[in-house]
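Remarks on the structure that follows.
Note on naming: letters A, B, ... go to the chains in the order of the sequence lines (proteins, then strands), and numbering restarts at 1 for each one. No hydrogens, no waters, no symmetry mates; every other heavy atom, side chains included, goes into these values.
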Number of protein chains: 2
Amino acid sequence: MKNDVNLTVQALQRMPYYLQHLRKVDENGVQIISATAMANVLDLNEVLVRKDLSMICTSKGKPKSGFPVKELIDNIEDYLGYNNTMDAVLVGVGSLGKALLGNNEFSKFGLNIVAAFDIDEDIVGQVVCGKKVFPLEKLQNLCERMHIHIGILTVPAEFAQEAADRLVGSGVRAIWNFALIKLNAPDHVLVQNENLAASLAVLSQHLRNEMTEESKGVDLNEHTAL
Amino acid sequence: MKNDVNLTVQALQRMPYYLQHLRKVDENGVQIISATAMANVLDLNEVLVRKDLSMICTSKGKPKSGFPVKELIDNIEDYLGYNNTMDAVLVGVGSLGKALLGNNEFSKFGLNIVAAFDIDEDIVGQVVCGKKVFPLEKLQNLCERMHIHIGILTVPAEFAQEAADRLVGSGVRAIWNFALIKLNAPDHVLVQNENLAASLAVLSQHLRNEMTEESKGVDLNEHTAL
DNA sequence: ACCCTTTCGATATCCTAATATCGATATTAT
DNA sequence: ATAATATCGATATTAGGATATCGAAAGGGT
Ligand SMILES: NC(=O)c1ccc[n+]([C@@H]2O[C@H](COP(=O)([O-])OP(=O)(O)OC[C@H]3O[C@@H](n4cnc5c(N)ncnc54)[C@H](O)[C@@H]3O)[C@@H](O)[C@H]2O)c1
Ligand SMILES: NC(=O)c1ccc[n+]([C@@H]2O[C@H](COP(=O)([O-])OP(=O)(O)OC[C@H]3O[C@@H](n4cnc5c(N)ncnc54)[C@H](O)[C@@H]3O)[C@@H](O)[C@H]2O)c1
């Protein structure tokens, strides 16, 4: 256990990648892995990997060989809370909300969606992927009774702030926000944004660069196979 | 037009937030907005906002008043390519894939999904949200014929690499990857990861901190309303 | 037994993004 | 008109993450 240290957000976000690779090599029977090897596979700097691992790994790495794979897996899963699940509610059972409700992988990541909420009377009362959909009015009561601390927001942007306020009022400490809007929340409430527009912006700039590269004649033999 | 400059990824990802807020104030008839005001609303440093805006805005800001809202909107939309749409294909028509296919907001962000692909014979041939689902074998031909440069990956992680390879082989320049795995791709192909596990990691650490805070007695009056 | 190589941990350096500072300029109020 | 103030752009500084360096330790080969 090394759950008292706090990682930077960047390091934290690298952890699932380490874990994914460690699980893969573990399946292949690999017992020791070097930071160097991981760095090469994941396109990271090896010193960075070493530092990241040292933050959460309970034992030290051995020179010339590396770190024990199984132990790393345990440490990371432990650190990320994959063993003691976090209960969450979801607000907004539209097409994205349904996809998330139906995602059976979340349990592997320590997330458990216990209930969903919506204002649409056609949806309220239904059971979507084993999760019951309640009217929004029931939100506070259920969150308080079940000590829910995570809210997943999948409502249209124009309703996101009021839904967020409700979640905060229900005692939620973290909001996973899929709406394309900046939410206001008290300092102690973390808002983790999943902003597709931000990702698209990166894609768009890259493509524009690629296209102007091409028009400069750098890479014109791409389409000659046609 | 100021499309020759390249923004850092961070600045790029802030753009949609600026845009969202600018559109809101524009609807309320606001014609000039200061970087200071934007910074306050979006919880950013004002110098940072000023710098970001100066990168893409064609005119200068006026001391004591600010920047012209409409022009900023135009400039950002322009920069992000919201006016000339990028065509994309989607691979993996599962629950997430369907949600994305049904997302009618993408067109606002300059993204147009022209077709989908899957290996499941039950899905192939169907039309999902107006988009036809083709067998994977047709991928390369269609991408080359239609000059598709973006691939959206929503297959299970274990098939993601082979699907990515196919996309690369079909001439795609950017992959929007929703699978929880690190993909290998040539340098000129951008892989933009939408990794939910990474977000969950951030949530998890925050909650653990909140909980230990609480057990230290800092914030115990939260549940007294019960 | 000795050398060579790889990897480790620790420390130092670098680099980029974010923030602070400051003079200049436009607007508003007196 | 003049003073007060908010904002701007430019430049300097800070901060934090990523990377490079280096001696020490472990394993493998001869
Ligand atoms: N569909 C996608 O692929 C996708 C992807 C990323 C992000 N998003 C974002 O997620 C959000 C939802 O997208 P969607 O496509 O599922 O939309 P949707 O219209 O299919 O679903 C929205 C749901 O929210 C419910 N709702 C509306 N107001 C509510 C309120 N105040 N309280 C509770 N429920 C309310 C509606 O009844 C509806 O069921 C949007 O902000 C969208 O931008 C969607
Ligand atoms: N469901 C979610 O909420 C969610 C959210 C984020 C990320 N993801 C990720 O997105 C991916 C898809 O998730 P999902 O829930 O939609 O899964 P799913 O099982 O519902 O859908 C996967 C689809 O991919 C198809 N497929 C499998 N192999 C393929 C191949 N080689 N080529 C083309 N198609 C193939 C399958 O036939 C199926 O239709 C997973 O990697 C998952 O981790 C899912």
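- Distance B/Gln10 CD to C/dC15 C1': 13 Å, rounded to the nearest Å.
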* To do: Show the numbers, then the answer: is there a side-chain hydrogen bond (donor to acceptor under 3.5 Å, both in side chains) between A/Asp165 and A/Gln161?
  => CA-CA 6 Å; A/Asp165 293 343; A/Gln161 184 60 57; 2.9 Å; yes
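- One can place CZ of B/Arg14 at 12 Å from C1' of C/dT19, the figure rounded to the nearest angstrom.
- Note that CG of B/Asn193 is 9.5 Å distant from CG of B/Leu180, once rounded to the nearest 0.5 Å.
- The side-chain heavy atoms of A/Tyr17 and B/Asn195, taken from C-beta on, include a pair separated by under 4.5 Å.
- Between the P atom of D/dG16 and the CG atom of A/Asn6 lies a distance of 14 Å, rounded to the nearest Å.
- Going from atom CZ of B/Phe67 over to atom C1' of D/dC8 covers 7 Å, rounded to whole Å.
- With D/dT7, C/dC8, D/dG27 as the choices, the nucleotide that has an atom nearest any side-chain atom of A/Ala35 turns out to be C/dC8.
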* **Verdict with supporting geometry, B/Glu144 and B/Ser170, side-chain hydrogen bond (donor to acceptor under 3.5 Å, both in side chains)** => CA-CA 6 Å; B/Glu144 288 178 350; B/Ser170 305; over 6 Å; no
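- The CE atom of B/Met38 sits 10 Å away from the P atom of D/dC8 (whole-angstrom rounding).
- Of the residues in residues 44-57 of chain B, those with a non-hydrogen atom less than 4.0 angstrom from any atom of DNA chain C are B/Asn45, B/Val47, B/Leu48, B/Lys51.
- Spacing between atom CG of B/Leu72 and atom P of D/dC8 amounts to 10 Å, rounded to whole angstrom units.
- With values rounded to the nearest 0.5 angstrom, A/Met15 atom CE is found 14.5 Å from A/Gln20 atom CD.
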Using a cutoff of under 3.5 Å, can you pull out all pairs of nitrogen or oxygen atoms linking the protein to nucleotides 3-5 of chain C, with atom names and distances?
residue, atom, partner, partner atom, Å
C/dT5, O2, A/Lys64, NZ, 3.4

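- Residue B/Ser65 places no side-chain N or O under 4.0 Å from the OP1 or OP2 atom of D/dC8.
- In terms of position along DNA chain D, the nucleotide closest to A/Thr8 lies nearer the 5' end than the nucleotide closest to the other residue of the pair A/Pro63 and A/Thr8.
- Ion pair A/Glu158/B/Lys24 not flagged as a salt bridge, since none of the NZ, NE, NH1 or NH2 atoms sits closer than 4.0 Å to an Asp/Glu carboxylate oxygen.
- Considering only the side chain of B/Lys60, D/dA10 comes nearest among D/dA18, D/dA10, C/dT7.
- Using a 4.5 Å cut-off on side-chain heavy atoms (C-beta onward), B/Leu100 and B/Phe106 make contact.
- In this structure, B/Glu194 and A/Leu196 have side chains that are in contact, with non-hydrogen atoms separated by less than 4.5 Å.
- B/Val168 has its side chain within reach of B/Ile175: a pair of non-hydrogen atoms, C-beta onward, lies under 4.5 Å apart.
- Rounded to an integer number of Å, the gap from B/Asn40 CG to D/dA6 P is 13 Å.
- Whole-Å rounding puts the A/Gln13 CD to D/dG17 C1' distance at 14 Å.
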